[in-house]
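In the text below, chain A, chain B and the rest are named by the order of the sequence lines, each starting its count at 1. Note that these values count all heavy atoms, side chains included, but never hydrogens, waters or copies made by symmetry.
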There are 2 protein chains.
Amino acid sequence: MSGMNASKGTEAKIVVVDDEPSIRELLVASLHFAGYEVETAASGSEAIEVIERTKPDLIILDVMLPDIDGFTVTRRIRQEGIDAPVLFLTARDDTQDKVMGLTVGGDDYVTKPFSLEEVVARIRAILRRTREHVEDDPVIRVGDLEINEDSHDVTRAGRPIDLSPTEYKLLRYLMDNEGRVLSKAQILDHVWQYDWGGDAAIVESYISYLRKKVDDLEVTDEDGTKHKVQPLIETKRGIGYMIRVPRS
Amino acid sequence: MSGMNASKGTEAKIVVVDDEPSIRELLVASLHFAGYEVETAASGSEAIEVIERTKPDLIILDVMLPDIDGFTVTRRIRQEGIDAPVLFLTARDDTQDKVMGLTVGGDDYVTKPFSLEEVVARIRAILRRTREHVEDDPVIRVGDLEINEDSHDVTRAGRPIDLSPTEYKLLRYLMDNEGRVLSKAQILDHVWQYDWGGDAAIVESYISYLRKKVDDLEVTDEDGTKHKVQPLIETKRGIGYMIRVPRS
DNA sequence: AGAGGACATTCAGGAAACCTTCAGACGGCG
DNA sequence: CGCCGTCTGAAGGTTTCCTGAATGTCCTCT
């Protein structure tokens, strides 16, 4: 699943609140595997109880809940002195005014249906900005390939690269799992929205696009000689894809 | 999330006084995240107690409170020797004479409904004038683009630029977050009033206005040659907007 | 070597995101 | 009261992206 560079500082505690079991499980599995400690709640009232008991570092909160809606839950726990940032889950067709004011403070939101990469990226961005952690670096590196999660910049050997949103998400997922083979199914599940109905063949197309932009470059050395960059994206036939600095 | 240049001197302590929980939360979340230490009070009497106890550097005070009004609160705490500046929150339809005399000393006011940028900008301006801090610079720079928070002047390559109030707030928010992509929702939440009910599409319009004034200029060099300025505002498709000196 | 399967590449249509402009509404100011 | 700058919503045009399909290439097993 979404295995990250588990190295990152202390593991954060996250509470997931959603009434749909499938969404809950999806998030729990991913986040747990990504190294977070996860608790869940299926309703607003349960959420308040769980949050006050466990004092999480971050809360993932569906705004549409059977009993108490997400905004009210937020207000209640804030009154109790809990100031953990909230990542709201909203339906795309929610009226705009409902979404208003959601991005103040450390809070943020994603619209359903989301892709896991979106959620994980947002969580990291929030935690990076919220926690005191001075050492937190918005840059992810694999060899001479870098992506900056703040500016969304991508560079190879210092040279800027332009990626489309989906290309960026795919590359980010690969880099987050450097040295680990990811199946096409895994990639589909993380980079594309969870309600995607299409074919896994689209992964091949996007790998191809990515390779052309990232691995098919010529750079000029200090001494003026041109040479191709080392390809970083490897195909593991029958298994999937992986990114890493190739072994000699 | 405003005032991101967290680097700024020592964190100031602020007391927020308002009887509406939603306003309180909005301000607490934003200011806390912006690096301020925040306490709250929901009434005039509570305000006096909290202010005398915590000795804040600045007070945000709604003039319309259920028990003791804001002016009286100010008078009382002044009698107790507390001279922290006050940022008053007033209703737009408050008669002019009520607002009169609010800006004496270090004090200032904003009208409800406000935008977060307005509040944060005023807070910074007040603290800049109040504190000894010699190193505080009212000028924000990105490349050859400068805005002066004291005079509200905007210049590009030395040339003055006229901006409308909303254009200025938008530019200021972008520059305060140089090199970080801001979503349209974030921009809406910070630059527009918190009770805004409209569409996020308005952000696109204002980005367009801003570009025409800021990024679509011709300047004349010392040697008489004309050339276009580098565009500083970048679109990150599917993510948002960002300002910075472009890479290479 | 050949067949079959897995992967790579390319392309075009449609969709989505974005840019720009404009007219009307609104409010401040003379 | 009328003018003027500003704000807002909407429309139209443009660019970029996504997706599915078609075709080509490489690997593997027999």
Side-chain angles (χ1 to χ4, degrees), chain A residues 92-93 95-97 100 111 113 115 117-118 152 154 161-171 174 181-188 191-193 195-216 231-243, chain B residues 91-96 99 111 113-115 117-118 152 154 161-171 181-185 187-188 191-193 195-216 231 233-242:
Chain A
R92 185 175 298 286
D93 58 348
T95 50
Q96 199 70 28
D97 55 303
M100 278 300 297
T111 57
S115 74
E117 268 305 287
E118 267 172 303
H152 277 233
V154 180
I161 296 175
D162 252 21
L163 298 183
S164 81
T166 303
E167 288 163 356
Y168 180 86
K169 275 191 277 186
L170 172 57
L171 178 60
L174 289 172
V181 185
L182 302 168
S183 71
K184 275 178 259 195
Q186 283 179 313
I187 294 174
L188 209 55
V191 176
W192 274 262
Q193 302 173 350
D195 65 345
W196 166 264
D199 197 331
I202 197 172
V203 175
E204 297 172 12
S205 288
Y206 267 87
I207 288 284
S208 171
Y209 292 146
L210 212 45
R211 278 181 166 145
K212 201 190 296 184
K213 293 187 178 180
V214 162
D215 273 350
D216 196 26
L232 301 175
I233 301 172
E234 298 177 27
T235 302
K236 294 291 178 179
R237 176 167 273 256
I239 320 264
Y241 300 95
M242 168 171 57
I243 199 167
Chain B
R92 185 174 298 285
D93 57 349
D94 270 0
T95 52
Q96 199 67 28
V99 179
T111 57
F114 50 79
S115 74
E117 272 302 290
E118 268 174 296
H152 275 231
V154 180
I161 295 175
D162 249 23
L163 297 183
S164 81
T166 304
E167 288 163 355
Y168 179 85
K169 276 189 278 186
L170 172 57
L171 179 60
V181 188
L182 302 169
S183 71
K184 277 179 258 196
I187 295 173
L188 211 55
V191 176
W192 271 262
Q193 302 171 351
D195 66 344
W196 167 264
D199 199 322
I202 197 172
V203 175
E204 297 173 16
S205 289
Y206 267 85
I207 288 284
S208 174
Y209 294 147
L210 211 45
R211 278 182 166 145
K212 203 189 296 184
K213 293 187 177 180
V214 162
D215 273 350
D216 197 26
I233 300 171
E234 297 179 28
T235 301
K236 292 290 180 176
R237 178 168 270 252
I239 318 273
Y241 300 96
M242 169 171 58

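Side-chain nitrogen and oxygen atoms of B:Lys184 include at least one within less than 4.0 Å of the OP1 or OP2 phosphate oxygen of C:dC18. Distances shown here put every side-chain N or O of B:Thr235 at or beyond 4.0 Å from the OP1 or OP2 atom of C:dA17.
Rounded to whole Å, atom P of C:dA6 lies 17 Å from atom CD1 of A:Ile207. We find that CZ of B:Arg237 is positioned 4 Å from C1' of C:dA17, with the value rounded to whole Å. Separating the NZ atom of A:Lys236 from the P atom of C:dA8 is a distance of 13 Å, rounded to the nearest angstrom. Remark: P of C:dA17 and OH of B:Tyr241 are 12 Å apart, rounded to the nearest angstrom. A:Ile187 has its CD1 atom 11 Å from the P atom of C:dA8, to the nearest Å. Rounding to whole angstrom units, CD1 of residue B:Ile233 and P of C:dC19 are separated by 10 Å. With rounding to whole Å, A:Arg211 atom CZ is found 11 Å from C:dT9 atom C1'.
Residue-level contact check: A:Tyr168 touches neither bases nor backbone, having no heavy atom under 4.0 Å from any strand.
For A:Ser183, the side chain to side chain contact (heavy atoms under 4.5 Å, CB included) criterion is met by A:Ala185, A:Gln186, not counting sequence neighbours. Judged as a ring-ring contact (aromatic ring centres under 6.0 Å, His included), and not counting sequence neighbours, B:Tyr241 has no contacts. A:Lys212 is linked by a salt bridge (Lys or Arg N to Asp or Glu O under 4.0 Å) to nothing, counting only residues two or more places apart in sequence or in another chain. In this view, B:Ser208 satisfies the side chain to side chain contact (heavy atoms under 4.5 Å, CB included) rule with no residue, not counting sequence neighbours. Judged as a side chain to side chain donor-acceptor pair (under 3.5 Å), and not counting sequence neighbours, the contacts of A:Glu234 are A:Arg244. Take A:Lys169 and apply the salt bridge (Lys or Arg N to Asp or Glu O under 4.0 Å) test, not counting sequence neighbours, and it matches no residue. Looking at residues two or more places apart in sequence or on another chain, you find a side chain to side chain donor-acceptor pair (under 3.5 Å) between A:Thr235 and A:Arg211. Residues passing the side chain to side chain donor-acceptor pair (under 3.5 Å) test with A:Ser115, sequence neighbours excluded: A:Glu118.
A heavy atom lying under 4.0 Å from DNA chain C marks none of the residues of residues 195-203 of chain A.
Side-chain N or O atoms of A:Lys213 include none that pairs as donor or acceptor with a backbone N or O of A:Leu163 at under 3.5 Å. A:Asp215 contributes a side-chain N or O that, together with a main-chain N or O of A:Ile233, makes up a donor-acceptor pair within less than 3.5 Å.
Where DNA chain D meets chain A (any atom under 4.0 Å from a heavy atom), the bounding nucleotides read 5' to 3' are D:dC17 to D:dC27.
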Seminar exercise, completed: In 5'-to-3' order, the base (B), backbone-only (S) or no-contact (-) status of each nucleotide in nucleotides 21-30 of chain C, using a 4.0 angstrom heavy-atom cut-off, is BB--------

Tell me which donor-acceptor pairs under 3.5 Å the side chains of residues 195-203 of chain A have, and how far apart each pair is, sequence neighbours excluded?
| unit_1 | atom_1 | unit_2 | atom_2 | d |
| --- | --- | --- | --- | --- |
| A:Trp196 | NE1 | A:Gly198 | O | 3.2 |
| A:Asp199 | OD1 | A:Ala201 | N | 3.0 |

